[in-house]
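Worksheet: the structure to be examined is printed underneath.
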Amino acid sequence: MLHVGGVRTALFNWLYARKTGGVFVLRIEDTDLARSTEESVEQLKRSLRWIGLDWDEGPEAVGDHGPYRQTERFDLYREAAKKLLDKGSAYHDFATAEELAALRDAARAEGRPPIYTGGEYRDMDPNEAKKRIEAGEPYTVRFKTPREGQTVVEDLIRGPVTFENVNIEDFVIMKSTDTPTYNFAAAYDDAAMEMSHVIRGDDHLSNTPRQILIHQALDYPLPAFAHVPQVLGSDKKKLSKRHGAASVEEFADQGILPEALFNYLALLGAGYAPDEEIFTPLELAERFRIEKVSGNPAVFDEKKLTSINGLYLRRRSPEELAKLATPMLIESDVVSEQELLDDAPRLVRIMDLLKERVSRTTDIPDSVGYFYGDELEYDPEEFEKQFGKEFVQENFPELISRLEALPEWTESAVEESIRGLSAEKEKGAKHLIHPLRFATTGRTVSAGLFETLVLLGRGRTLLRSERAVQEMKRLSTE
RNA sequence: GGCCCCAUCGUCUAGUGGCCUAGGACAUUGCCCUCUCACGGCGAAAACCCGGGUUCGAACCCCGGUGGGGUCACCA
């Protein structure tokens, strides 16, 4: 599942690559065999494509730096680890998990930070280590972190961030399974894949000095780093499922358009001048400035997303919207596929009328519903409110017969008829419009009534109105 | 708790020492448009976390506090 924080980071990478004419590389970091699955990789790619982030190099796009899956690069990491071992920049560690845990607990109990420095193994005679390995003793390979000095991350967003080396433990680079840890594989690949820029979430900031140390020990050039802040929920905690939709797929399911999510996410914390905010991806890329990205975590505002989504919905042509709506309408059972097929242009006109009124595609079935089907359910309470009035009871039947007698069924004809009658009765037109709306749509809010009636068609209008009259009569005799 | 990051309206932000009486957008709200609801238009309310410096002058620079976040794995 691709988390919004994750997409935003990917998006910043994409924007930066497009802005600078660089290459956007998708690398699958799947060194944890237990966790990554084929399905999760597919899902990730699907999400990226959905929102419009195309990668120049990576799985299915090939390139000169492959393979792009870390599980296919294990030999490379082993070789690099050996190099480090030979140089004396790394060592074999035979401490067991239990021993390490005990050390950590002891340190915590004494209030010291639990920083492992290798104990007896850090400077063990390589021959002794070799003997132990040959005897079948399990081990990990750890990096020999310098005990003094500092490592500085030159962050494009935050400036220099200094870490004291004494605060960095001798971290594992090769697990006892002879596979690399994330920090090691990432650092190695950044060099091997000639990455010029590493733009990632700021939860990685504390990993970066370790990766820099690896680069230095391997004599590799350093990429430029930029750590973008997290995306938080409304309670200022890291965004998660508790906050509603958190993955790209969930947003799609909740009626969000990919271009709207793209636009919103790009705006979130990217430091764009706020004169305008609706931009195409390429316009966004052109204006993107990595050093303007805000250093403070941004709260995800679903309301604003919805608002931007509405803007994008209104920009889509009625034809596109009709196409979008079709499967939703069929699925939610408001209309049969056959009926839609029989009169496709009608749906286009309906969408044109309704698009100002929806802000998520999931709103569509509900607001389109009354245009199809014959029967309507009236809410009894609301019905009484609309049809309990004397004026309505006296004049509604007359209104229906005038509509029935209309020579043509157009907006202006319908409007004239309604306004004409109310003028004769010296009453505001709304006293007829509201009950007629309720009778024909079953609701108190809809698009403009005249357009609505024309699209509804004379047949449905009359049928429903007459039913309302019957209800009305029953009401008055009770 | 150690280390690290961050701090302008409720939210996203503009602001880079005088243009700030702090601007925009979403949300809230008043009015207009109007057959309802939206859309649209015009308004309103709403913020520089606190305390010290530096300076003729600080939202902008420095220090401290407070607050929020991240991270402390043979996970990425």
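Fair warning: this is a prediction, and the values are worked out from it, not measured in the lab. Order of the sequence lines sets the chain letters (A, B, ...), proteins ahead of strands, with each chain counted from 1.
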**Message:** Using a 6.0 Å distance limit plus a 45 degree cone around the ring axis, check whether A:Lys425 lies over the aromatic ring of A:Phe391.
**Reply:** no
**Message:** At under 4.0 Å between heavy atoms, how does the protein contact nucleotides 27-41 of chain B? Give one character per nucleotide, 5' to 3', with B, S or -.
**Reply:** S-------BBBBS--
**Asked** Looking for any heavy atom pair under 4.0 Å, which part of the strands does A:Asn207 touch: base, sugar-phosphate only, or nothing?
**Response** base
**Asked** Any luck finding a side-chain donor-acceptor pair between A:Glu148 and A:Asn165 under 3.5 Å?
**Response** no
**Complete:** Which of B:rG2, B:rC74, B:rU13 is nearest the side chain of A:Thr181? It is B:rC74
**Asked** Who pairs with A:Phe288 by ring pair (Phe, Tyr, Trp, His ring centres under 6.0 Å), at least two apart in sequence or on another chain?
**Response** A:Phe12
**Prompt:** Rounded to the Å, how far apart are A:Leu265 CG and B:rC26 P?
**Reply:** 18 Å
**Asked** By salt bridge (charged side-chain N to carboxylate O under 4.0 Å, His left out), which residues pair with A:Glu451, not counting sequence neighbours?
**Response** none
**Request:** For A:Lys303, enumerate each residue passing the side-chain hydrogen bond (donor to acceptor under 3.5 Å, both in side chains) test, keeping only those at least two apart in sequence or located in another chain.
**Result:** none
**Message:** According to salt bridge (charged side-chain N to carboxylate O under 4.0 Å, His left out), who are the partners of A:Arg200, at least two apart in sequence or on a separate chain?
**Reply:** none
**Prompt:** A:Leu268 CG to B:rC6 P: how many Å, rounded?
**Reply:** 17 Å
**Request:** Looking at every strand, decide which applies to A:Thr306 at a 4.0 Å heavy-atom threshold: base, sugar-phosphate, or nothing.
**Result:** nothing
Write out a two-atom table: protein N or O, nucleotide N or O from nucleotides 66-72 of chain B, distance below 3.5 Å.
from: B:rG69; atom 1: OP1; to: A:Lys237; atom 2: NZ; distance (Å): 2.3
from: B:rU71; atom 1: O2'; to: A:Ser206; atom 2: OG; distance (Å): 3.2

**Message:** Taking only the C1' atom of each, what is the distance from B:rC20 to B:rC75 in whole angstrom?
**Reply:** 48 Å
**Request:** Name the pairing partner of B:rU66, where a pair is Watson-Crick or G-U wobble with both distances under 3.5 Å, or state none.
**Result:** B:rA7
**Residues forming a ring pair (Phe, Tyr, Trp, His ring centres under 6.0 Å) with A:Tyr68, sequence neighbours excluded** = none
**Request:** Hunt down the Watson-Crick or G-U wobble partner of B:rU55, both distances under 3.5 Å, from any strand shown, or write none.
**Result:** none
**Request:** Looking at every strand, decide which applies to A:Arg112 at a 4.0 Å heavy-atom threshold: base, sugar-phosphate, or nothing.
**Result:** nothing
**Request:** Identify, with sequence neighbours excluded, every residue that meets side-chain hydrogen bond (donor to acceptor under 3.5 Å, both in side chains) alongside A:Thr362.
**Result:** none
**Prompt:** Mind checking whether A:Phe438 and A:Phe396 have ring centres under 6.0 Å apart?
**Reply:** no
**Asked** Paired with B:rA38: which nucleotide, if any, by Watson-Crick or G-U wobble criteria at under 3.5 Å for both distances?
**Response** none
**Prompt:** Once you round it to whole Å, what is the distance between P of B:rU11 and CG of A:Leu267?
**Reply:** 17 Å
**Prompt:** Which part of the nucleic acid, if any, lies within reach of A:Ser359 when heavy atoms closer than 4.0 Å are counted: base, sugar-phosphate only, or nothing?
**Reply:** nothing
**Pair assignment for B:rC48, Watson-Crick or G-U wobble, requiring both distances under 3.5 Å** = none
**Request:** Please name all residues satisfying ring pair (Phe, Tyr, Trp, His ring centres under 6.0 Å) with A:Phe94, sequence neighbours left out, ordered by chain then number.
**Result:** A:Tyr121
**Prompt:** Which sits closer to the 5' end of RNA chain B, A:Val172 or A:Gly269, going by the nucleotide each is nearest to?
**Reply:** A:Gly269
**Asked** Does A:Pro160 or A:Lys175 map to a spot on RNA chain B nearer the 5' end, using the closest nucleotide for each?
**Response** A:Pro160
**Asked** Within this structure, what is the CD-to-C1' distance between A:Glu98 and B:rC74, rounded to whole angstrom?
**Response** 12 Å
**Message:** Check whether A:Thr441 reaches the backbone of A:Arg437 with its side chain - one donor and one acceptor, N or O, closer than 3.5 Å.
**Reply:** yes
**Request:** Starting from P on B:rC4, measure out to CG on A:Asn167 and report it in whole angstrom.
**Result:** 7 Å
**Message:** For A:Asp178, give me all partners under salt bridge (charged side-chain N to carboxylate O under 4.0 Å, His left out), at least two apart in sequence or on another chain.
**Reply:** A:Arg78
**Request:** May I ask which nucleotide in the shown strands pairs with B:rG2, Watson-Crick or G-U wobble, both distances under 3.5 Å?
**Result:** B:rU71
**Request:** Taking side-chain hydrogen bond (donor to acceptor under 3.5 Å, both in side chains) as the test, write out the residues that go with A:Glu415, two or more places apart.
**Result:** A:Arg419
**Asked** Starting at CD of A:Glu164 and ending at C1' of B:rC5, how long is that distance when rounded to a whole Å?
**Response** 16 Å
**Item:** Interatomic distance, A:Ile278 CD1 vs B:rC26 C1' [rounded to whole Å]
**Value:** 11 Å
**Asked** OP1 or OP2 of B:rC74 less than 4.0 angstrom from a side-chain nitrogen or oxygen of A:Asn183, does that happen here?
**Response** no
Protein and nucleotides 44-48 of chain B: nitrogen or oxygen contacts under 3.5 angstrom:
none

**Message:** If I take atom CD in residue A:Glu302 and atom C1' in nucleotide B:rG10, what distance separates them, rounded to the nearest angstrom?
**Reply:** 16 Å
**Message:** What's the gap between B:rC33 and B:rG23 when it is taken at their C1' atoms, as a whole Å value?
**Reply:** 28 Å
**Prompt:** Does B:rG43 have a Watson-Crick or wobble mate here (both distances under 3.5 Å), and if so which one?
**Reply:** B:rU29
**Pairwise C1' distance, B:rG68 and B:rC50 [rounded to whole Å]** = 15 Å
